Number of protein chains: 2
Amino acid sequence: MSRFHHPPPEAFELTRMLHALSDPVRLEVVRSLAANGEQTCAALDGDRPKSTMSHHFRVLRDSGLVETRGERTAHMNRLRREEVEARFPGLLDAVLRPESVGR
Amino acid sequence: MSRFHHPPPEAFELTRMLHALSDPVRLEVVRSLAANGEQTCAALDGDRPKSTMSHHFRVLRDSGLVETRGERTAHMNRLRREEVEARFPGLLDAVLRPESVGR
DNA sequence: TTGCTTGTTCGAAAATGATCGAACAAGCCG
DNA sequence: CGGCTTGTTCGATCATTTTCGAACAAGCAA
């Protein structure tokens with residue numbers, strides 16, 4: 001039973017999602033989730049302080065990109081691929097392309 | 001002879017472009033350029049102050065999304081479709097989709 | 001229970017970004 | 001030339017973001 005708010009796809013806002021993706025740290029998280037599947041917050045912090053990461057996960061959740069399941073102590077994060085694809089077709093694919101990476 | 005700086009596609013940065021697109025005013029400009037072709041700054045301000053629009057155009061130029069030709073007094077703006085498509089395939093299409101509009 | 005782990009929330013500080021008036025530059029028209 | 005038009009640049013202000021330590025909550029393990 002997650003204590004977090006996860007908007008339904010109809011409520012996704014493009015500008016909000018683009019803003020969520022426009023931060024290097026968050027984009028890295030999204031890419032890692034896409035490449036490696038569900039992961040805990042700890043597995044995704046790049047040695048950054050937990051409070052900082054907690055903030056980024058919240059932005060990702062609010063935008064609709066990520067779902068956090070608060071089961072157990074360690075929270076699991078999942079990229080909401082299908083939902084995002086349904087609402088903004090092609091967006092995630094474009095952002096996740098290997099060619100788009102690196103600078 | 002444009003006095004503006006327009007980065008070449010190799011220099012486009014994804015996070016910078018996503019940030020440029022994440023502002024409602026700028027997204028509206030990009031959509032108008034996509035739908036109606038080249039336009040002057042005046043045609044694209046939504047009754048907003050010129051200094052404000054000038055700022056947004058600069059962000060759009062720096063990201064690589066827009067090219068401003070400074071010929072004549074009135075500057076012409078063009079969406080750099082091909083360049084953006086070559087560097088970040090699918091990104092513009094996703095953002096310009098009608099379904100993605102409206103909230 | 002006590003302690004360790006994982007993560008959130010709060011609050012503050014620093015950085016970044018958006019907005020807009022005023023002054024300025026340059027082309028164009030009469 | 002003088003004035004109008006189109007936009008840029010500068011500076012200030014205000015709002016939003018980012019970052020991070022400290023305190024807190026809850027599960028889990030010994």
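In what follows, every chain begins at residue 1, and chains take the letters A, B, ... in the order their sequences are listed. Predicted model, so just to flag it, every value in this text is computed and none were measured.
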Both atom distances under 3.5 Å, Watson-Crick or G-U wobble: I'd like the secondary structure of DNA chain D as a dot-bracket string, with | for pairs made across strands. ||||||||||||||||||||||||||||||
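The pair Arg80(B)-Glu85(B) does not meet the salt-bridge criterion, since no charged nitrogen lies less than 4.0 angstrom from a carboxylate oxygen. By the 4.0 Å N-to-carboxylate-O rule, Glu67(B) lies too far from Arg81(B) to be salt-bridged with it. Contact check on Arg58(A) versus Asp62(A) returns a salt bridge, with a Lys/Arg side-chain nitrogen under 4.0 Å from an Asp/Glu carboxylate oxygen.
To the nearest angstrom, P of dA15(D) lies 17 Å from NE2 of His19(A). Atom-to-atom, CG of Asp62(B) to P of dA18(C) comes out at 12 Å; the value is rounded to the nearest Å. Spacing between atom CG of Asp45(A) and atom C1' of dT19(D) amounts to 14 Å, rounded to whole angstrom units. To the nearest angstrom, P of dT17(D) lies 14 Å from CG of Leu60(A).
With Phe12(A) as the aromatic partner, Arg87(A) does not meet the cation-pi criteria of under 6.0 angstrom to the ring centre and within 45 degrees of the ring axis.
In this structure, the side chains of Leu60(A) and Leu21(A) stay at 4.5 Å or more apart for every pair of heavy atoms.
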Pairs: protein N or O with nucleotides 7-13 of chain D N or O, under 3.5 Å:
unit_1 : atom_1 : unit_2   : atom_2 : d
dG7(D) : OP1    : Cys41(B) : N      : 3.0
dG7(D) : OP1    : His75(B) : N      : 3.4
dG7(D) : OP1    : His75(B) : O      : 3.4
dG7(D) : OP2    : Ala42(B) : N      : 2.7
dG7(D) : O3'    : His75(B) : ND1    : 3.3
dT8(D) : OP2    : Ser54(B) : OG     : 2.6
dT8(D) : O5'    : Ser54(B) : OG     : 3.1

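Aromatic ring centroids of Phe57(A) and His75(A) lie 6.0 Å or more apart.
The main-chain N or O of Met76(B) is never found under 3.5 Å from a side-chain atom of Gln39(B) such that the two would form a donor-acceptor pair.
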Would you please test Thr68(B) and Arg61(B) for side-chain hydrogen bond (donor to acceptor under 3.5 Å, both in side chains) and show each step? CA-CA 7 Å; Thr68(B) 301; Arg61(B) 272 194 302 271; 3.0 Å; yes
